[in-house]
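What follows is one structure encoded as structure tokens, with my remarks underneath.
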Amino acid sequence: MQIVIIGNGPAAIAAAETLRQQDRACGIVMLSKESVPFYSPCPLAEYVEGSVPKERLFLRDPDFYARNAIDIRYGRPVTRIDPQARQVWAGGEAVAYDRLLIASGSRAFVPPVPGLAGTRGVFELKTLDDADGILERLEVARRAVVIGSGFIGLEAVQALVRHGLAVTLLEAQRHVLPAMLDSEMAALVEQRLVEHGVQVRTGSGAERILEGEDGVRGVLAGGVEIPCELVICAAGVRADLSILDGSGIAGNRGILVDARMRTSVEGVFAAGDVIERPDAPDKHRVVPNWPNAVSTGRIAAWNMLGIDRRHPGLEAVNVVRVFDLPVASFGVQAGETCLRWQDGAGALRKVLLKDGRVAGGQLIGEINGTGVLHEMMKKGTAVERFGTHLAHPGFGYIHTLEPLRAIKWA
């Protein structure tokens, strides 16, 4: 059996390794649009900052592909899928498959702002090439503008500040991390950014990129020109659905898959940042993160081999550090009941309840137990018996097993 995998990220690698563990004979062809072996994009900001060397980005040794009999083809972006012929087209070449896995990941979203695409000195921070381009630009840049205050944007801000640049953060919404935090919690993050010299401008989106002889010279936002020599666009990511045209593979925000990672077309599977689960309790969400990519890649591999495995649902816990301040969130931002805990030193935890069950959480400064709370939300555990202890940073699995009176709270 010939299996073709589109992509070379965590979902693709997890699938390839699972395939080899189960079947040493099947053929595996991996088509990568990049020109380097498997690496983690998660620490790219730390690489730009200088705290993570380039070699630590790579997560498999150079012999990984040959050792696992994987035919890796670099620099081969897929342009078309033909399910009737069971072929994909990459670099002008048709590659045949018996089973196909689409693990093409996500792409940076670039808003339609004049000059944002194509101006020298303007970057995303999604790939290793992006990071290397930013490092090169740092040789001439003294001021920078970061557009967008999600994970990538805040990580980029920290990296640039630690290089000594004057940084302005633009966020079109009313507060930073709008998809993750409410306004009260976001204010704590904004305070940390300001303490480190960042100019935070919320409710202010980029209107135009201003170009000079040496590339970008400024950003127009709210009618005000912000001088800079470097811009990082971190306006979010989208599932990369560019290869679906004409394939008949159903997609919405992502490629629609069932619990076995099967698409709407026979023999075609999808995994990782590119998928959307319409049948899951939290419907119609694309949740791009590393754990989801690995787990869905494995599920796809088993099912491509005819081994029935089903995915329990995407994990949607968000964690980021802002100048060493840990921040975590999951679920909704508002509920029927809000349990609070704070220590008076900047840490604040909120657990949101609906119908006596966890519906969401936002935690800053003290994020221990986030996984426990998220698991209780997924399972629909009745939590009223825990009272306000639920928001305490010492709350953990032990408290779900023993009577509250037997537990000493710190």
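Bear in mind that the values here come from a model prediction, so they are computed numbers and not experimental data.
- With hydrogens and angles ignored, the 3.5 Å screen pairs a side-chain donor or acceptor of R86 with a backbone N or O of D98.
- A donor-acceptor distance shorter than 3.5 angstrom exists from the side chain of E171 to the backbone of S149, with no hydrogens or angles considered.
- Contact check on R262 versus D258 returns a salt bridge, with a Lys/Arg side-chain nitrogen under 4.0 Å from an Asp/Glu carboxylate oxygen.
- A donor-acceptor pair is defined here as one N or O able to donate and one able to accept, closer than 3.5 Å; no such pair exists between the side chain of T337 and the backbone of L353.
- With hydrogens and angles disregarded, no donor-acceptor distance shorter than 3.5 Å links the side chain of Q173 to the backbone of T202.
- Of all heavy-atom pairs between A141 and L230, the closest is CB-CB, 3.9 Å.
- Around atom CZ of R174, no more than 12 heavy atoms belonging to other residues, nucleotides or ligands sit under 6.0 Å away.
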query: Please walk me through it: do E190 and L169 pass side-chain contact (heavy atoms from CB on, under 4.5 Å)?
result: CA-CA 10 Å; E190 291 180 27; L169 175 63; over 6 Å; no
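- In this structure, CG in D130 is found 9.0 Å from CD1 in I232, a value given to the nearest 0.5 Å.
- Residue I102 is tested with V4, I243, V78, L241 for a side chain to side chain contact (heavy atoms under 4.5 Å, CB included); the sole match is I243.
- Around CD of Q199, the count of heavy atoms belonging to other residues, nucleotides or ligands within 6.0 Å does not exceed 12.
- With hydrogens and angles ignored, the 3.5 Å screen pairs a side-chain donor or acceptor of R20 with a backbone N or O of N68.
- Exactly one residue among L373, V372, I367 makes a side chain to side chain contact (heavy atoms under 4.5 Å, CB included) with T370. That residue is I367.
- The closest side-chain heavy-atom distance from R76 to V95 is not below 4.5 Å.
- At least one donor-acceptor pair under 3.5 Å links the side chain of E336 to the backbone N or O of D355.
- Within the 4.5 Å cutoff, side-chain heavy atoms of L138 are placed close to those of L160.
- Nearest heavy atoms, V274 versus S104: CG2-OG, 3.8 Å.
- More than 12 heavy atoms of other residues, nucleotides or ligands sit less than 6.0 Å from atom CD of E184.
- For the atom pair CZ of R309 and CZ of R298, the computed distance is 12.5 Å after rounding to the nearest 0.5 Å.
- Considering only heavy atoms from C-beta on, M180 comes within 4.5 Å of F151 through its side chain.
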message: side-chain contact (heavy atoms from CB on, under 4.5 Å), that's the test. Do M377 and R357 meet it? Break it down for me.
response: CA-CA 7 Å; M377 182 184 76; R357 290 167 171 76; over 6 Å; no
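- Rounding to the nearest 0.5 Å places NE2 of H392 at 10.0 Å from CG of D343.
- Atom CG of N8 sits about 7.5 Å away from atom CZ of F38, to the nearest 0.5 Å.
- Distance CG/L135 to CD/E49: 11.0 Å, rounded to 0.5 Å.
- The CG atom of L100 lies 8.0 Å from the OG1 atom of T263; values are rounded to the nearest 0.5 Å.
- Side chains of M30 and I13 form a contact here, defined as non-hydrogen atoms less than 4.5 Å apart.
- Heavy-atom neighbours of K378 NZ from other residues, nucleotides or ligands within 6.0 Å: above the threshold of 12.
- For the pair L116 and V122, the tightest heavy-atom approach, listed with the atom from each and the gap, is O-CG1, 3.3 Å.
- When all heavy atoms of P178 and Q333 are compared, the pair lying nearest together is O-NE2, 3.0 Å.
- Panel note: side chain E46, backbone S51; no donor-acceptor pair is recorded below 3.5 Å.
- In this structure, V145 and V216 have side chains that are not in contact, with every pair of non-hydrogen atoms separated by 4.5 Å or more.
- A salt bridge does not link E211 to R120: none of the charged side-chain nitrogens sits closer than 4.0 Å to a carboxylate oxygen.
- Side-chain contact between R60 and E17 is present, with at least one heavy-atom pair separated by less than 4.5 Å.
- Heavy-atom neighbours of Q22 CD from other residues, nucleotides or ligands within 6.0 Å: above the threshold of 12.
- A salt bridge between E195 and R192 is present, with a side-chain N of the basic residue lying under 4.0 Å from a carboxylate O of the acidic one.
- Distance alone, capped at 3.5 Å, is enough to place a donor-acceptor pair between the E276 side chain and the G254 backbone.
- The backbone N or O of D182 sits less than 3.5 Å from a side-chain atom of Q362, completing a donor-acceptor pair.
- Aromatic ring orientation, F395 versus F386: perpendicular (interplanar angle above 60°, classes split at 30° and 60°).
- Residue E366 comes nearest to R349 through the heavy atom pair O-NH1, 2.7 Å, listed as atom of the first residue, atom of the second, then distance.
- Closest approach of W290 to C42, counting heavy atoms only: CE3-SG, 3.8 Å.
- In R321, the CZ atom is crowded: over 12 heavy atoms of neighbouring residues, nucleotides or ligands sit closer than 6.0 Å.
- The closest side-chain heavy-atom distance from L181 to I364 is below 4.5 Å.
- Of the possible polar contacts, one joining the D240 side chain to the S242 backbone as a donor-acceptor pair under 3.5 Å is found.
- Here the side chains of T127 and P41 are not in contact, with every heavy-atom distance at 4.5 Å or above.
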